[in-house]
Q: 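Before I ask anything, here is the structure I am working with.
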Amino acid sequence: MSILRAENLSLVYGKGTPFEKKAVDNVSFEINKGEVIGIIGHTGSGKSSLVQMLNGLFKPSSGTVYFDGTDIFANPKELRKLRFNIGLVFQYPENQLFEDTVAKDIAFGPKNMGLSQEEIDERVLRAANFAGLKKELLERSPFDLSGGEKRRAAIAGVIAMEPEVLILDEPTAGLDPVGKDVLLSQIEAYHKESGNTVLLVSHNMEDIARISDRVLVMNDSHLIMLDTPENVFSRVEELKSIGLRIPEITEITIKLKEAGVPLRDGILTVEQAFTEICRLLGKGER
């Protein structure tokens, strides 16, 4: 069942000026309820502009976005309410923390939804749990947290609004490998427990391969692929031609196959590679 549909979306910056630039050009697609969609593309391909149209932050120059079958721009007065249903986490969201405590920061969205204090408190605890924040951190200043904890606190602030669609723009950017893995695991756990739709914008192909049901590929303002990770990352030369790479473990397994090792196609994660090597060695999956 479709929850988001983009129909012939285009976005032009500086229209009619010498600096006119088409950020998104005639893009159409559908996203189903409960899906995890990875969005990839080189810098300037239109990824961020696209997702900011999906929650009504940018109005398209032409085309339409439908949420649950309704044109989101049909009634401008409803856009504020829409953003509670389609939550957008910007890149480096921790820069937007501003309250005295982590709990108050997480509560900011629910408070603006007009919820009761009891419901706000419940949502703060649920969101903190989803984001992997310990309860004892909630009364601390957000500025006393580690980099990874700040990121999770900012994400919890969006999760607390309980959006039907959660959009994350480069959520692991700038984190160390441990922090990156922890955050991605929390996103996976959130999706599994909530069943909500998640859109993940990332330059990290390993993250995209690990978490996505389908991958949307942007290039030079156009949508050029929307398919399963296995099918997208099998188009190696096409991806390389637009400045993208495939997951490192996929490159390694392709080279092993070329050297005569009978590995199966479509290996995208280290876990899949480990299982396949165990199979070949006759040891089964551990």
Side-chain angles (χ1 to χ4, degrees), residues 36 38-39 43 47-48 51-52 54-55 57 80-81 83-204 206-208 210-211:
V36 179
I39 301 177
T43 301
K47 306 186 300 298
S48 293
V51 297
Q52 289 178 66
L54 295 182
N55 88 326
L57 191 63
R80 181 174 178 273
K81 183 179 177 182
R83 294 184 186 117
F84 296 141
N85 286 315
I86 305 177
L88 174 59
V89 179
F90 292 97
Q91 192 173 161
Y92 301 109
E94 63 272 22
N95 293 334
Q96 298 162 17
L97 298 172
F98 63 92
E99 289 281 10
D100 296 334
T101 68
V102 174
K104 287 182 180 179
D105 245 310
I106 298 173
F108 183 79
K111 186 176 179 180
N112 279 277
M113 294 171 70
L115 302 177
S116 69
Q117 190 59 52
E118 182 181 6
E119 176 66 14
I120 291 170
D121 292 343
E122 289 177 359
R123 287 193 179 209
V124 167
L125 290 176
R126 281 200 299 270
N129 183 58
F130 271 133
L133 288 170
K134 296 179 180 178
K135 192 174 180 179
E136 55 264 30
L137 295 178
L138 296 180
E139 295 309 314
R140 291 177 58 182
S141 166
F143 306 107
D144 292 337
L145 304 182
S146 70
E149 289 169 342
K150 287 180 181 177
R151 185 74 54 88
R152 293 198 293 278
I155 291 173
V158 177
I159 290 176
M161 295 185 290
E162 300 188 356
E164 292 185 55
V165 179
L166 177 65
I167 304 174
L168 301 131
D169 193 353
E170 297 284 358
T172 61
L175 297 181
D176 61 38
V178 173
K180 186 180 296 186
D181 187 64
V182 168
L183 181 56
L184 198 66
S185 294
Q186 294 299 334
I187 293 169
E188 287 181 298
Y190 165 79
H191 173 256
K192 183 178 180 180
E193 292 185 43
S194 70
N196 290 340
T197 306
V198 176
L199 277 63
L200 175 69
V201 180
S202 182
H203 281 93
N204 189 303
E206 285 72 26
D207 291 354
I208 293 293
R210 168 178 164 179
I211 201 172

Q: Evaluate the side chain to side chain contact (heavy atoms under 4.5 Å, CB included) criterion for residues Val201 and Gln91: first the C-alpha distance (whole Å), next the side-chain angles of each, then the deciding distance (0.1 Å), finally the verdict.
A: CA-CA 9 Å; Val201 180; Gln91 192 173 161; over 6 Å; no
Q: Is a side-chain donor or acceptor of Arg83 paired with a backbone partner of Asn55 at a separation under 3.5 angstrom?
A: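 Such a contact is found between Arg83 side chain and Asn55 backbone.
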Q: Measure the spacing between CD of Glu119 and NZ of Lys111 and express it to the nearest 0.5 Å.
A: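 Output value for this atom pair is 15.5 Å.
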Q: Mark yes when over 12 heavy atoms from residues, nucleotides or ligands other than Glu118 sit less than 6.0 Å from its CD; otherwise mark no.
A: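 Counting neighbours around CD of Glu118, 12 or fewer heavy atoms of other residues, nucleotides or ligands fall under 6.0 Å, so no.
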Q: Checking Tyr190 now: which residues fulfil ring pair (Phe, Tyr, Trp, His ring centres under 6.0 Å) with it, not counting sequence neighbours?
A: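 Checked Tyr190 against ring pair (Phe, Tyr, Trp, His ring centres under 6.0 Å); matches are Phe130.
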Q: Would you mind listing every side chain to side chain donor-acceptor pair (under 3.5 Å) that reaches into residues 95-104, with sequence neighbours excluded?
A: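 Every candidate side chain to side chain donor-acceptor pair (under 3.5 Å) pair involving residues 95-104 fails, so no pair, neighbours aside, qualifies.
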Q: Can you see which heavy atom on Leu138 is nearest to which on Ala128, and at what distance?
A: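 The answer is CD2-CB, 3.8 Å.
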Q: Could you grab the distance from atom CD1 of Ile39 to atom CG of Leu54, nearest 0.5 Å is fine?
A: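 Answer for the CD1-CG pair, Ile39 versus Leu54, is 7.0 Å.
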Q: Would you call Leu184 and Leu200 a side-chain contact if the rule is heavy atoms closer than 4.5 Å?
A: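 In short, these two side chains touch, coming nearer than 4.5 Å.
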Q: Okay, side chain of Arg151, backbone of Lys180: is any donor-acceptor separation there less than 3.5 Å?
A: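 Pair absent, no side-chain N/O of Arg151 close to backbone of Lys180.
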Q: Does Glu162 reach the side chain of Arg126, with side-chain heavy atoms less than 4.5 Å apart?
A: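 Glu162 vs Arg126: side chains touch.
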Q: Could you tell me which non-hydrogen atom of Leu97 sits nearest to which non-hydrogen atom of Lys150, and how far apart they are?
A: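 Residues Leu97 and Lys150, closest heavy atoms: CD1-O, 3.8 Å.
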Q: Starting at CG of Leu133, measure out to CG of Leu125 and round the result to the nearest 0.5 Å.
A: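 The distance works out to 11.0 Å.
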Q: Please name the pair of heavy atoms, one in Pro163 and one in Ile86, separated by the smallest distance, quoted to 0.1 Å.
A: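 Reported closest heavy-atom pair: CB-N, 4.2 Å.
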Q: What I'd like to find out is whether the side chain of Leu145 reaches to under 4.5 Å of the side chain of Glu94, using heavy atoms alone.
A: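 Counting from C-beta outward, Leu145 and Glu94 never come under 4.5 Å.
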Q: In sequence, state the C-alpha distance, the side-chain angles, and the governing distance for Ile155 and Ile159, and then conclude on side chain to side chain contact (heavy atoms under 4.5 Å, CB included).
A: CA-CA 6 Å; Ile155 291 173; Ile159 290 176; 3.7 Å; yes
Q: Check whether any side-chain N or O of Arg140 sits under 3.5 Å from a backbone N or O of Val102 as a donor-acceptor pair, and report yes or no.
A: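 No: the side chain of Arg140 does not pair with the backbone of Val102.
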Q: Using only atom types and a distance under 3.5 Å, with no angle test, would you say the side chain of Asn196 pairs donor to acceptor with the backbone of Leu166?
A: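 Between the backbone of Leu166 and the side chain of Asn196 there is no qualifying donor-acceptor contact (under 3.5 Å).
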Q: Under the ring pair (Phe, Tyr, Trp, His ring centres under 6.0 Å) rule, collect the residues that match up with Phe108, sequence neighbours excluded.
A: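 With sequence neighbours excluded, Phe108 shows a ring pair (Phe, Tyr, Trp, His ring centres under 6.0 Å) to Phe98, given in chain and number order.
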Q: Treating Glu149 as the side-chain partner and Ser146 as the backbone partner, does any N or O pair qualify as donor plus acceptor under 3.5 Å?
A: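 Indeed, once roles are kept as given, a pair shorter than 3.5 Å links the two residues.
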Q: Checking side-chain hydrogen bond (donor to acceptor under 3.5 Å, both in side chains) for the pair Asn204/Thr172: CA distance, chi angles, key distance, verdict?
A: CA-CA 9 Å; Asn204 189 303; Thr172 61; 5.3 Å; no
Q: Apply salt bridge (charged side-chain N to carboxylate O under 4.0 Å, His left out) to the pair Arg210 and Glu188, showing each step before the final yes or no.
A: CA-CA 9 Å; Arg210 168 178 164 179; Glu188 287 181 298; 2.7 Å; yes
Q: Can you give me the closest heavy-atom contact between Phe90 and Leu57, atom names plus distance?
A: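 For Phe90 and Leu57, the tightest heavy-atom pair comes out as CZ-CD2, 3.5 Å.
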Q: For a quick test of reading the model, state the closest non-hydrogen atom pair linking Ile106 to Ala153 and the distance between them.
A: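 Heavy-atom minimum between the residues: CG1-O, 3.9 Å.
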Q: For a quick test of reading the model, state the closest non-hydrogen atom pair linking Pro142 to Asp105 and the distance between them.
A: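 What the structure gives for the nearest pair is CG-OD2, 3.6 Å.
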Q: How far does CG of Leu175 sit from CG of Asp181, to the nearest 0.5 angstrom?
A: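 Answer for the CG-CG pair, Leu175 versus Asp181, is 11.0 Å.
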Q: Would you check if the side chain of Arg123 reaches a backbone N or O of Met161 as a donor-acceptor pair within less than 3.5 Å?
A: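 Yes; judged by distance alone, with no hydrogens or angles, the pair exists.
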